[in-house]
Number of protein chains: 2
Amino acid sequence: MSQRKVSGDAGRATIRDVAEQAGVSVASVSRVLSGNYPVSEELRRRVMKVVRDLDYVTNAHARSLAGGGTPTVAILMDNITGAAFAHVAKGVEGAATLRGWLSLVGTTGNDPERELALVNLMRQQGVAAVVLLGGAYDQDEYQLRMARFARSLDAAGSRLVLVGRPSLEGDVPATTVDYDNEGGAYAMASHLLSAGHREVLVLPGHAGLSTAQGRLRGAQRAFEAYGVTFDPGMVRHGPYDDQHGYRAVEQALRDGPAFTAVLAGTDVVAAGAMQALRAAGLRVPEDVSIVGYDDIPLASQLTPQLTTVHVPYEEMGRVALRAVADLREGGGGRRKGIDGDHLVLGTHVVVRNSVRPPTRP
Amino acid sequence: MSQRKVSGDAGRATIRDVAEQAGVSVASVSRVLSGNYPVSEELRRRVMKVVRDLDYVTNAHARSLAGGGTPTVAILMDNITGAAFAHVAKGVEGAATLRGWLSLVGTTGNDPERELALVNLMRQQGVAAVVLLGGAYDQDEYQLRMARFARSLDAAGSRLVLVGRPSLEGDVPATTVDYDNEGGAYAMASHLLSAGHREVLVLPGHAGLSTAQGRLRGAQRAFEAYGVTFDPGMVRHGPYDDQHGYRAVEQALRDGPAFTAVLAGTDVVAAGAMQALRAAGLRVPEDVSIVGYDDIPLASQLTPQLTTVHVPYEEMGRVALRAVADLREGGGGRRKGIDGDHLVLGTHVVVRNSVRPPTRP
DNA sequence: TTGAAAGCGGTACCAT
DNA sequence: ATGGTACCGCTTTCAA
């Protein structure tokens, strides 16, 4: 906890060093560096020369303290190696950098305590916004928890942004950037149904996860729309990973029920399902069709390339950052009684080669 | 005009607010919060109650300025969505969090100017270390550039850490964490050769990229060791992406040369190569064998699962952070027998199902 | 044990 | 156009 000054730290030049060496006042140096105030060409050159000589950079902490400072966004996610999250992070980071903002990243490992600790840590950093990525469990508790985060952050002049998570009910100062999750699943299931599939194995994800629930609902609605009875017995819940896809298919192949297509909750799950099918000597899509969700690069790297639902992850990240940036600039006095904007982006089916009409023997 | 002028609403609560409301001095509050100084139980309780009431968190910038502060690592990489990089980042971030450190992330988009700007930005932040990920181009300039970064950072009490990049020559204050890149390629090529392959299409990566060069060298050495002439005409340089793998194979299939195996520079390139082979009606591995490099999750999601070289990316990240943390704490007394400046981790071949002896008609 | 006060490195307002 | 200087919020002597 106690951080002593480290050896070389004494060597870092300060604005006073620069002022002295250039024979000017600190105020002048500050002006030259900020560039937001008229300064004589002569002074500017004198100062800049010393700055280069000393390899001086301003101390960001001091600057923040004094009022200025670089706005910073914090991106908190479950796991940075998840392709979908990584794309959102890229969108946020890219948009942040474009505006000269900084990005902090933290991973929660799906641990509520770590999430709380990180939110507080970010609050200490005085970040302009905290972006939370990914689906959520436990709706009731989630709502309470996030509302608390939102207010806490808001009191510190920061903004909570929920990306790909349920938006908050009531009068809570937060921004939500979402995608048409259920609609995407509806379209994807419809695609399968219109190809003639009726017995489809559904692997929506974890039963308690918000995104999984939405995808399942979308699929159900599609079945209804097609006048096909949706059989709950065809659903297998589990994590968004390839192992789950593999096991679920392997087991269904062994113990039934019979199916002609797999509707996977994510592309990664679809990849696992594909492996299991192959291992059983089945061809995709000749014998069984598969579709995924997310449209991460993996989808087009598989053979056959996966028909899936495109989710604009990177764009969501960009949009999220833009939203807080706008709020920050335009903001000012009007943030009373606003229950947080709620932006939702569209999804669409990307047809590739993993679906064929069922061939009944 | 909103009339919300409730206590402390004019921004976030400061240590003075807490002190006042608790009827104690700011010094006492500071002591209670830092916890590194004896304090009466009574005082502690009084202060903590107010802290909770006000939902107070210390201002990290002020704390840093005053000498305390959370150590922060900056991770700079080309692109956060690259699986290999993401795993290194995960390792760094995880190890950092474990120690209560913070992680900043920046992406350079392979632009030297952005890299420079980011290094300076991180220097402003007073980060404990700047971790640079990924291969490097242009050896001579690279050496100069990095040496400059290293010294600049060092003068500010920060440490430059190069991960998966060439180490620096001469007496430069930097730490390198690397893996046995050439050795991995040597082993991988040997695997192919020992299976009987002699005509192998080599897709090492960009000609100027350090990792690509190492992988190519490793392959060449393996050919020599097997007494097989290495034909430069079998090499196709290009980026580490699936498109390059696809095009290179497609073109070789059309215009020659003939080959029975593909030695790809990364798993992603291998994925592209596999697609091209399939598109041409060739089977993997019956007609053509393929091997990759990196062992990212994709390798085992492909069909057939890819035989590849495992690189301990996440561990490298952990090791990198540990190295700087040790350096920071140890200050003078470092662990004996360990050269903390250049660490290199091992690689090994992971045999899966993408290789078979060649079948010559 | 607790309090008062001197910085830490900048910024910006007030003079000149 | 410059210089002087009072803060920003916190940590850490130095006294009491």
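The CG atom of A:Leu102 lies 5.0 Å from the CG atom of B:Leu104; values are rounded to the nearest 0.5 Å. Separating the CZ atom in B:Phe85 from the CG atom in B:Leu133 is a distance of 6.0 Å, to the nearest 0.5 Å.
Here A:Val29 lies out of heavy-atom contact (under 4.0 Å) with every strand.
In this structure, A:Arg16 atom CZ and D:dT5 atom P are separated by 12 Å, rounded to whole Å. Distance A:His61 NE2 to C:dG10 P: 11 Å, rounded to the nearest Å. One interatomic measurement links the two molecules: CD of A:Gln125 to C1' of D:dC10, which rounds to 14 Å at whole-angstrom precision. Rounded to whole angstrom, the span from the CD atom of B:Gln124 across to the P atom of C:dG10 amounts to 10 Å. The distance between atom CG of A:Leu65 and atom P of D:dG9, rounded to the nearest whole Å, is 7 Å. Taking atom CZ of residue A:Arg12 and atom P of nucleotide C:dG9, one finds them 9 Å apart after rounding to whole Å. Counting to the nearest Å, the C1' atom of D:dG9 and the CD atom of B:Glu20 are 15 Å from each other. Atom C1' of nucleotide C:dA5 and atom CD1 of B:Ile15 are separated by 14 Å, given to the nearest angstrom.
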Determine, stepwise, if the pair B:Arg145 / B:Asp138 fulfils salt bridge (Lys or Arg N to Asp or Glu O under 4.0 Å).
-> CA-CA 10 Å; B:Arg145 190 182 175 72; B:Asp138 213 331; over 6 Å; no

Going through the distances and angles, do A:Glu115 and A:Asp111 end up as a side chain to side chain contact (heavy atoms under 4.5 Å, CB included)?
-> CA-CA 6 Å; A:Glu115 187 180 71; A:Asp111 174 355; over 6 Å; no

So B:Val18 and B:Leu54, side chain to side chain contact (heavy atoms under 4.5 Å, CB included) or not? Walk me through it.
-> CA-CA 8 Å; B:Val18 177; B:Leu54 265 45; 4.2 Å; yes

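Formation of a donor-acceptor pair under 3.5 Å by the B:Arg159 side chain with backbone atoms of B:Leu153 is not found in this model. Put simply, the side chain of A:Tyr142 gets close to the backbone of A:Pro166: a donor and an acceptor are under 3.5 Å apart. Looking only at distances, a side-chain donor or acceptor of B:Arg12 sits under 3.5 Å from a matching main-chain atom of A:Gln124. Not one N or O on the side chain of B:His61 forms a donor-acceptor pair closer than 3.5 Å with the backbone of A:Ala62. In this structure, the side chain of B:Ser34 engages the main chain of B:Ser30 through a donor-acceptor pair within 3.5 Å. With hydrogens and angles disregarded, no donor-acceptor distance shorter than 3.5 Å links the side chain of A:Glu93 to the backbone of A:Ser103.
Distances shorter than 4.0 Å separate none of the side-chain N or O atoms of B:Ser25 from OP1 or OP2 on C:dT2.
For A:Arg63 and A:Thr58, the side-chain atoms include at least one donor-acceptor pair closer than 3.5 Å.
Non-hydrogen atoms lying under 4.0 Å from DNA chain C are contributed by A:Tyr56, A:Val57, A:Thr58, A:Asn59, all within residues 51-60 of chain A. The stretch residues 31-47 of chain A touches DNA chain D through A:Arg31, A:Tyr37, A:Pro38, A:Val39, A:Ser40, A:Leu43, each having a heavy atom under 4.0 angstrom from the strand.
For A:Arg63, taking side-chain heavy atoms from C-beta onward, the closest of the listed nucleotides D:dG4, C:dT11, C:dA4 is C:dT11. The listed nucleotides are D:dG9, C:dG10, C:dG3; the one nearest the side chain of B:Ala27 is C:dG3.
With the 3.5 Å cutoff on both pairing distances, Watson-Crick and G-U pairs in DNA chain D assemble into runs of at least 3 at C:1-16 with D:1-16.
DNA chain C is contacted by both B:Val26 and B:Ala62; B:Val26 maps to the nucleotide lying nearer its 5′ end (nearest heavy atom per residue).
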